[in-house]
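All remarks here apply to the structure that follows.
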Amino acid sequence: MGTTGGGRRAYIGSFTAAGGRGIVTAAVDLESGALTPLHATDEVGNPSYLVPAPDGRHLYAVSEISDGAAAAFALTEHGPRPLGAPVPVRGADPTHLALWAGHLLTANYSSGSVSALPVRADGGLAEPAAVVRHEGGGPHPDRQEGPHAHAVVPDPTGRWLLSVDLGTDSVRICELPAAGGELVVRDEVPLRPGSGPRHLAFHPRGGHAYVINELASTVTPCRWDATTGTLTPLTETAVLPPDAGAAGEAADNYPSELVVSRDGRFAWAANRGHDSISVLAVDPSAEGISLVTTVPSGGHWPRDLALHPGGRHLYAANERSGDVTWFAVDTRTGVPERRGSIEVPAASCVVFV
(Lines give C-alpha, C1' and ligand atoms only; values in the text may rest on other atoms or scores of the structure.)
Protein backbone atom coordinates (compact mmCIF):
# COMPACT_ATOMS: atom_id res chain seq x y z
CA MET A 1 0.00 0.00 0.00
CA GLY A 2 1.33 3.40 -0.96
CA THR A 3 -0.68 5.48 1.52
CA THR A 4 0.32 6.14 5.11
CA GLY A 5 -3.09 5.34 6.66
CA GLY A 6 -4.69 6.75 9.77
CA GLY A 7 -6.42 9.55 7.88
CA ARG A 8 -3.14 11.06 6.64
CA ARG A 9 -4.36 11.23 3.05
CA ALA A 10 -7.43 12.94 1.65
CA TYR A 11 -8.88 12.09 -1.75
CA ILE A 12 -11.07 14.77 -3.30
CA GLY A 13 -13.52 14.09 -6.12
CA SER A 14 -14.54 16.72 -8.65
CA PHE A 15 -16.49 17.44 -11.82
CA THR A 16 -14.05 17.37 -14.74
CA ALA A 17 -16.78 18.75 -17.00
CA ALA A 18 -16.70 21.93 -14.87
CA GLY A 19 -12.90 22.27 -14.79
CA GLY A 20 -12.08 19.76 -12.07
CA ARG A 21 -8.76 17.93 -12.07
CA GLY A 22 -10.30 14.52 -11.41
CA ILE A 23 -9.25 12.93 -8.13
CA VAL A 24 -6.94 15.18 -6.13
CA THR A 25 -4.71 13.62 -3.45
CA ALA A 26 -3.76 15.76 -0.46
CA ALA A 27 -1.68 15.21 2.66
CA VAL A 28 -3.49 15.81 5.96
CA ASP A 29 -1.83 17.42 8.97
CA LEU A 30 -3.41 15.46 11.81
CA GLU A 31 -2.86 18.24 14.34
CA SER A 32 -4.10 21.27 12.40
CA GLY A 33 -6.31 19.55 9.85
CA ALA A 34 -4.54 21.41 7.03
CA LEU A 35 -4.49 19.92 3.53
CA THR A 36 -1.50 20.03 1.18
CA PRO A 37 -2.25 19.03 -2.44
CA LEU A 38 0.12 16.36 -3.78
CA HIS A 39 -1.11 15.23 -7.21
CA ALA A 40 -4.20 14.64 -9.34
CA THR A 41 -5.45 12.00 -11.74
CA ASP A 42 -8.04 12.64 -14.44
CA GLU A 43 -8.41 9.08 -15.69
CA VAL A 44 -12.19 9.15 -15.12
CA GLY A 45 -14.74 11.75 -16.17
CA ASN A 46 -16.65 13.41 -13.33
CA PRO A 47 -15.43 11.29 -10.38
CA SER A 48 -17.91 13.16 -8.20
CA TYR A 49 -18.16 10.65 -5.35
CA LEU A 50 -15.53 8.35 -3.86
CA VAL A 51 -15.31 5.55 -1.34
CA PRO A 52 -12.11 3.90 -0.02
CA ALA A 53 -11.81 0.21 0.76
CA PRO A 54 -11.68 -0.53 4.51
CA ASP A 55 -8.09 -1.81 4.22
CA GLY A 56 -6.95 1.48 2.66
CA ARG A 57 -5.49 -0.20 -0.41
CA HIS A 58 -8.13 0.67 -2.99
CA LEU A 59 -10.37 3.58 -3.92
CA TYR A 60 -13.59 3.56 -5.93
CA ALA A 61 -15.22 6.38 -7.89
CA VAL A 62 -18.40 6.97 -9.81
CA SER A 63 -18.23 8.50 -13.25
CA GLU A 64 -21.24 10.82 -13.13
CA ILE A 65 -22.07 10.92 -16.83
CA SER A 66 -25.11 9.88 -18.85
CA ASP A 67 -23.53 6.51 -19.67
CA GLY A 68 -22.65 6.01 -16.02
CA ALA A 69 -19.63 4.01 -14.90
CA ALA A 70 -17.60 3.15 -11.82
CA ALA A 71 -13.83 2.89 -11.54
CA ALA A 72 -11.41 1.12 -9.22
CA PHE A 73 -7.96 2.39 -8.23
CA ALA A 74 -5.00 0.99 -6.32
CA LEU A 75 -3.65 3.57 -3.88
CA THR A 76 0.08 4.26 -4.30
CA GLU A 77 2.56 6.87 -3.11
CA HIS A 78 2.09 8.58 -6.46
CA GLY A 79 -1.69 8.71 -6.25
CA PRO A 80 -4.53 6.43 -7.36
CA ARG A 81 -3.59 3.99 -10.13
CA PRO A 82 -6.48 2.73 -12.32
CA LEU A 83 -7.31 -0.97 -12.10
CA GLY A 84 -8.58 -1.33 -15.64
CA ALA A 85 -11.06 0.77 -17.57
CA PRO A 86 -14.20 2.19 -15.91
CA VAL A 87 -17.01 -0.37 -15.82
CA PRO A 88 -20.49 0.66 -17.08
CA VAL A 89 -23.09 0.50 -14.30
CA ARG A 90 -26.05 0.23 -16.73
CA GLY A 91 -27.50 3.37 -15.20
CA ALA A 92 -27.34 7.12 -15.84
CA ASP A 93 -25.47 9.70 -13.77
CA PRO A 94 -24.37 7.67 -10.73
CA THR A 95 -24.08 10.12 -7.82
CA HIS A 96 -23.14 7.94 -4.84
CA LEU A 97 -21.55 4.60 -4.09
CA ALA A 98 -20.81 2.20 -1.24
CA LEU A 99 -18.98 -1.05 -0.64
CA TRP A 100 -21.26 -3.77 0.69
CA ALA A 101 -21.36 -7.57 0.74
CA GLY A 102 -18.48 -8.00 -1.71
CA HIS A 103 -19.98 -5.54 -4.18
CA LEU A 104 -19.71 -1.90 -5.15
CA LEU A 105 -23.19 -0.37 -5.13
CA THR A 106 -24.00 2.78 -7.11
CA ALA A 107 -27.04 5.06 -6.87
CA ASN A 108 -27.87 6.17 -10.42
CA TYR A 109 -29.73 9.47 -10.25
CA SER A 110 -31.12 10.04 -13.71
CA SER A 111 -32.19 6.43 -14.33
CA GLY A 112 -33.54 5.99 -10.79
CA SER A 113 -31.71 2.72 -10.26
CA VAL A 114 -29.15 0.94 -8.08
CA SER A 115 -26.37 -1.23 -9.53
CA ALA A 116 -24.35 -3.93 -7.79
CA LEU A 117 -20.87 -4.58 -9.23
CA PRO A 118 -18.87 -7.49 -7.80
CA VAL A 119 -15.43 -6.56 -6.45
CA ARG A 120 -12.73 -8.92 -7.73
CA ALA A 121 -9.97 -10.36 -5.56
CA ASP A 122 -7.48 -7.83 -6.99
CA GLY A 123 -9.77 -4.94 -6.06
CA GLY A 124 -11.03 -4.39 -9.59
CA LEU A 125 -14.67 -4.38 -10.67
CA ALA A 126 -16.74 -6.86 -12.67
CA GLU A 127 -19.82 -6.09 -14.76
CA PRO A 128 -23.01 -5.43 -12.74
CA ALA A 129 -24.49 -8.56 -11.22
CA ALA A 130 -27.78 -6.78 -10.56
CA VAL A 131 -29.56 -3.53 -11.43
CA VAL A 132 -32.70 -2.60 -9.51
CA ARG A 133 -34.87 0.10 -11.03
CA HIS A 134 -36.99 2.22 -8.70
CA GLU A 135 -40.53 3.23 -9.63
CA GLY A 136 -42.70 6.18 -8.66
CA GLY A 137 -42.51 9.95 -8.39
CA GLY A 138 -43.47 12.89 -6.21
CA PRO A 139 -45.29 16.23 -6.21
CA HIS A 140 -42.38 18.48 -7.21
CA PRO A 141 -42.92 19.17 -10.94
CA ASP A 142 -39.26 19.50 -11.94
CA ARG A 143 -37.39 17.22 -9.57
CA GLN A 144 -39.81 14.35 -8.93
CA GLU A 145 -41.17 13.43 -12.35
CA GLY A 146 -39.73 9.97 -11.74
CA PRO A 147 -37.37 8.05 -9.44
CA HIS A 148 -33.96 9.55 -8.63
CA ALA A 149 -31.79 7.23 -6.53
CA HIS A 150 -29.38 9.51 -4.68
CA ALA A 151 -27.57 7.45 -2.04
CA VAL A 152 -26.80 3.86 -1.08
CA VAL A 153 -25.84 3.30 2.56
CA PRO A 154 -25.13 -0.06 4.27
CA ASP A 155 -26.51 -0.37 7.77
CA PRO A 156 -23.99 -0.84 10.63
CA THR A 157 -24.59 -4.61 10.80
CA GLY A 158 -23.78 -5.08 7.11
CA ARG A 159 -26.97 -7.07 6.50
CA TRP A 160 -29.03 -4.34 4.86
CA LEU A 161 -28.58 -1.65 2.22
CA LEU A 162 -30.67 1.52 2.38
CA SER A 163 -31.34 3.23 -0.96
CA VAL A 164 -32.46 6.86 -0.68
CA ASP A 165 -34.59 8.17 -3.56
CA LEU A 166 -35.19 11.91 -3.99
CA GLY A 167 -37.76 11.42 -6.73
CA THR A 168 -40.05 9.02 -4.88
CA ASP A 169 -39.74 10.51 -1.37
CA SER A 170 -38.78 7.13 0.03
CA VAL A 171 -36.04 4.88 1.36
CA ARG A 172 -35.84 1.31 0.11
CA ILE A 173 -34.49 -1.46 2.36
CA CYS A 174 -32.51 -4.02 0.33
CA GLU A 175 -30.79 -7.35 0.84
CA LEU A 176 -28.25 -9.13 -1.34
CA PRO A 177 -28.70 -12.88 -0.84
CA ALA A 178 -25.47 -14.86 -1.04
CA ALA A 179 -26.71 -17.06 -3.86
CA GLY A 180 -26.93 -15.39 -7.25
CA GLY A 181 -26.04 -11.85 -6.25
CA GLU A 182 -29.50 -10.43 -7.01
CA LEU A 183 -30.38 -7.25 -5.14
CA VAL A 184 -33.78 -7.65 -3.45
CA VAL A 185 -35.95 -4.78 -2.17
CA ARG A 186 -37.61 -5.92 1.07
CA ASP A 187 -39.44 -2.71 1.96
CA GLU A 188 -40.06 0.85 0.78
CA VAL A 189 -40.46 3.45 3.54
CA PRO A 190 -42.32 6.65 2.57
CA LEU A 191 -41.23 10.07 3.79
CA ARG A 192 -43.23 13.29 3.60
CA PRO A 193 -44.32 13.97 0.00
CA GLY A 194 -42.16 16.63 -1.62
CA SER A 195 -39.37 16.42 0.96
CA GLY A 196 -36.84 15.04 -1.52
CA PRO A 197 -34.64 12.72 0.59
CA ARG A 198 -31.04 12.84 -0.58
CA HIS A 199 -28.60 11.19 1.84
CA LEU A 200 -28.73 9.20 5.08
CA ALA A 201 -26.35 8.82 8.03
CA PHE A 202 -26.51 6.40 10.97
CA HIS A 203 -26.08 7.26 14.62
CA PRO A 204 -22.93 5.56 16.00
CA ARG A 205 -25.04 3.37 18.32
CA GLY A 206 -26.75 1.95 15.22
CA GLY A 207 -30.36 2.19 16.32
CA HIS A 208 -31.21 5.44 14.54
CA ALA A 209 -30.62 7.07 11.16
CA TYR A 210 -31.05 10.62 9.88
CA VAL A 211 -32.25 11.51 6.38
CA ILE A 212 -31.31 14.89 4.87
CA ASN A 213 -34.11 16.20 2.65
CA GLU A 214 -32.91 18.31 -0.28
CA LEU A 215 -36.23 19.84 -1.35
CA ALA A 216 -37.57 20.62 2.14
CA SER A 217 -34.28 21.69 3.83
CA THR A 218 -35.03 19.37 6.74
CA VAL A 219 -33.66 16.32 8.56
CA THR A 220 -35.86 13.33 9.38
CA PRO A 221 -34.70 11.21 12.36
CA CYS A 222 -35.72 7.55 12.08
CA ARG A 223 -35.60 4.48 14.31
CA TRP A 224 -33.72 1.56 12.78
CA ASP A 225 -34.32 -2.10 13.71
CA ALA A 226 -31.53 -4.15 12.16
CA THR A 227 -33.16 -7.43 13.20
CA THR A 228 -36.16 -6.90 10.95
CA GLY A 229 -34.78 -4.23 8.59
CA THR A 230 -37.43 -1.73 9.71
CA LEU A 231 -36.96 2.05 9.31
CA THR A 232 -39.49 4.23 11.16
CA PRO A 233 -39.52 8.00 10.44
CA LEU A 234 -40.16 10.11 13.55
CA THR A 235 -40.10 13.89 13.21
CA GLU A 236 -38.78 16.50 10.77
CA THR A 237 -36.46 19.38 11.70
CA ALA A 238 -35.48 22.42 9.64
CA VAL A 239 -31.76 22.90 8.95
CA LEU A 240 -32.09 26.69 8.54
CA PRO A 241 -33.39 29.24 11.07
CA PRO A 242 -36.90 30.65 10.59
CA ASP A 243 -35.65 34.02 9.35
CA ALA A 244 -33.80 32.28 6.49
CA GLY A 245 -37.03 30.61 5.45
CA ALA A 246 -38.90 33.91 5.58
CA ALA A 247 -36.35 35.41 3.21
CA GLY A 248 -37.06 32.64 0.72
CA GLU A 249 -33.67 30.99 1.18
CA ALA A 250 -35.03 27.66 2.40
CA ALA A 251 -36.77 26.92 -0.90
CA ASP A 252 -33.51 27.25 -2.83
CA ASN A 253 -31.19 25.84 -0.20
CA TYR A 254 -30.78 22.23 -1.42
CA PRO A 255 -28.88 20.70 1.54
CA SER A 256 -26.41 18.15 0.26
CA GLU A 257 -24.87 16.08 3.03
CA LEU A 258 -25.28 15.15 6.69
CA VAL A 259 -22.58 13.74 8.96
CA VAL A 260 -22.86 12.64 12.60
CA SER A 261 -20.16 13.11 15.24
CA ARG A 262 -18.27 10.09 16.55
CA ASP A 263 -19.96 10.39 19.95
CA GLY A 264 -23.42 10.90 18.46
CA ARG A 265 -24.03 14.25 20.19
CA PHE A 266 -23.97 16.42 17.06
CA ALA A 267 -24.70 16.35 13.36
CA TRP A 268 -23.75 18.78 10.61
CA ALA A 269 -25.61 19.54 7.38
CA ALA A 270 -24.21 21.33 4.31
CA ASN A 271 -26.49 23.98 2.79
CA ARG A 272 -25.72 24.87 -0.81
CA GLY A 273 -28.06 27.81 -1.35
CA HIS A 274 -27.32 29.27 2.10
CA ASP A 275 -23.56 28.53 1.75
CA SER A 276 -23.50 27.35 5.33
CA ILE A 277 -23.06 24.42 7.69
CA SER A 278 -25.92 23.73 10.09
CA VAL A 279 -24.92 22.60 13.57
CA LEU A 280 -27.52 20.18 14.96
CA ALA A 281 -27.74 18.80 18.49
CA VAL A 282 -28.81 15.17 18.85
CA ASP A 283 -30.67 14.39 22.06
CA PRO A 284 -29.49 11.52 24.30
CA SER A 285 -32.23 9.20 23.01
CA ALA A 286 -30.96 9.85 19.43
CA GLU A 287 -34.61 10.33 18.38
CA GLY A 288 -34.65 14.13 18.45
CA ILE A 289 -32.46 16.59 16.60
CA SER A 290 -32.49 20.40 16.87
CA LEU A 291 -30.81 23.28 15.09
CA VAL A 292 -28.17 25.08 17.20
CA THR A 293 -26.72 27.54 14.69
CA THR A 294 -25.29 27.90 11.19
CA VAL A 295 -21.78 28.94 10.20
CA PRO A 296 -20.47 29.94 6.73
CA SER A 297 -19.15 27.03 4.67
CA GLY A 298 -16.07 28.99 3.61
CA GLY A 299 -17.10 29.05 -0.05
CA HIS A 300 -20.00 28.70 -2.47
CA TRP A 301 -22.25 25.66 -2.92
CA PRO A 302 -20.93 23.09 -0.36
CA ARG A 303 -21.71 19.81 -2.10
CA ASP A 304 -20.14 17.54 0.52
CA LEU A 305 -19.17 17.47 4.17
CA ALA A 306 -16.67 15.01 5.63
CA LEU A 307 -15.56 14.40 9.19
CA HIS A 308 -11.95 13.33 9.61
CA PRO A 309 -11.55 9.91 11.30
CA GLY A 310 -9.99 11.65 14.29
CA GLY A 311 -13.27 13.51 14.82
CA ARG A 312 -11.65 16.93 15.37
CA HIS A 313 -11.86 18.43 11.88
CA LEU A 314 -14.70 18.92 9.41
CA TYR A 315 -14.21 19.51 5.67
CA ALA A 316 -16.53 21.21 3.18
CA ALA A 317 -16.16 20.66 -0.56
CA ASN A 318 -17.40 23.97 -2.00
CA GLU A 319 -18.15 23.05 -5.60
CA ARG A 320 -18.84 26.42 -7.25
CA SER A 321 -16.09 28.42 -5.52
CA GLY A 322 -13.66 25.55 -6.19
CA ASP A 323 -12.15 24.90 -2.78
CA VAL A 324 -12.07 22.55 0.17
CA THR A 325 -12.30 24.37 3.52
CA TRP A 326 -11.46 22.78 6.86
CA PHE A 327 -12.79 23.56 10.31
CA ALA A 328 -11.79 22.71 13.87
CA VAL A 329 -14.78 21.31 15.75
CA ASP A 330 -15.48 22.49 19.29
CA THR A 331 -16.16 19.16 21.01
CA ARG A 332 -18.25 20.88 23.71
CA THR A 333 -20.59 22.89 21.48
CA GLY A 334 -20.23 21.13 18.13
CA VAL A 335 -19.61 24.46 16.40
CA PRO A 336 -16.95 24.33 13.63
CA GLU A 337 -14.41 27.15 13.31
CA ARG A 338 -12.81 27.81 9.92
CA ARG A 339 -9.06 27.17 9.83
CA GLY A 340 -8.05 27.18 6.16
CA SER A 341 -8.73 26.07 2.60
CA ILE A 342 -7.11 24.87 -0.60
CA GLU A 343 -8.11 25.42 -4.20
CA VAL A 344 -9.80 22.39 -5.79
CA PRO A 345 -11.82 23.34 -8.88
CA ALA A 346 -15.36 21.87 -8.94
CA ALA A 347 -14.76 19.98 -5.68
CA SER A 348 -17.54 17.50 -4.90
CA CYS A 349 -16.41 14.94 -2.30
CA VAL A 350 -13.73 14.32 0.37
CA VAL A 351 -12.73 10.94 1.83
CA PHE A 352 -9.81 9.91 4.04
CA VAL A 353 -7.42 6.96 4.17
>> Do L291 and I289 sit in one hydrophobic cluster, given that two such residues count as connected whenever their side-chain heavy atoms are within less than 4.5 Å of each other, even indirectly?
In response: yes
> Would you call the rings of H96 and Y49 parallel, tilted or perpendicular, where under 30° means parallel and over 60° means perpendicular?
Replying inline: tilted
>> Looking at every heavy atom in both V189 and L231, which two are closest together, and how far apart are they?
In response: CG1-O, 3.5 Å
>> Assess, by modelled atom type and distance only, whether the side chains of H300 and D275 contain a donor and an acceptor separated by less than 3.5 Å.
In response: yes
> Which heavy-atom pair separates A347 from D323 by the least distance, and what is that distance?
Replying inline: CB-O, 3.9 Å
>> Could you measure the distance from the CG atom of N271 to the OG atom of S297? Nearest 0.5 Å is fine.
In response: 8.5 Å
> Transitively linked via ILVMFWY side-chain contacts under 4.5 Å: V211 with W224?
Replying inline: yes
> According to the salt bridge (Lys or Arg N to Asp or Glu O under 4.0 Å) rule, which pairs have a member within residues 277-298, sequence neighbours left out?
Replying inline: R223-E287
> Should I277 and V329 be counted in the same cluster of Ile, Leu, Val, Met, Phe, Trp and Tyr side chains packed under 4.5 Å apart?
Replying inline: yes
> How about N46 and T16: does a side-chain donor come under 3.5 Å of a side-chain acceptor?
Replying inline: yes
> Are W268 and V279 side-chain neighbours, meaning at least one heavy-atom pair lies under 4.5 Å?
Replying inline: yes
> Quick one: are R21 and D42 in side-chain contact, heavy atoms under 4.5 Å?
Replying inline: no
> Mind checking what makes side chain to side chain contact (heavy atoms under 4.5 Å, CB included) contact with S290, not counting sequence neighbours?
Replying inline: A281
> Does V282 belong to the same Ile/Leu/Val/Met/Phe/Trp/Tyr cluster as V292, with side-chain heavy atoms less than 4.5 Å apart forming each link?
Replying inline: no
>> To check you understand the geometry: which heavy-atom pair defines the closest contact between V44 and P47, and what is its length?
In response: O-CD, 3.3 Å
> Is any side-chain heavy atom of H150 less than 4.5 Å from a side-chain heavy atom of E214?
Replying inline: yes
> Does any donor atom in the side chain of D225 or T230 lie under 3.5 Å from an acceptor atom in the other side chain?
Replying inline: no
> Going only through I, L, V, M, F, W and Y residues with side-chain contacts under 4.5 Å, is there a path from F327 to L305?
Replying inline: yes
> Side chains of S170 and D165: do they bring a donor and an acceptor to under 3.5 Å?
Replying inline: no
> Which heavy atom in G19 sits nearest to a heavy atom in P345, and how many Å separate them?
Replying inline: O-CB, 3.5 Å
> Who else is in V324's hydrophobic cluster (ILVMFWY, side-chain heavy atoms under 4.5 Å, direct or via others)?
Replying inline: I12, V24, V28, L30, L35, Y315, W326, I342, V344, V350, F352
> Which heavy-atom pair separates S341 from R338 by the least distance, and what is that distance?
Replying inline: OG-NH2, 3.2 Å
> What's the shortest heavy-atom distance between V87 and A126, and which atoms?
Replying inline: CG1-O, 3.7 Å
>> Under a 3.5 Å threshold, yes or no: a donor from one side chain and an acceptor from the other, between H134 and S163?
In response: yes
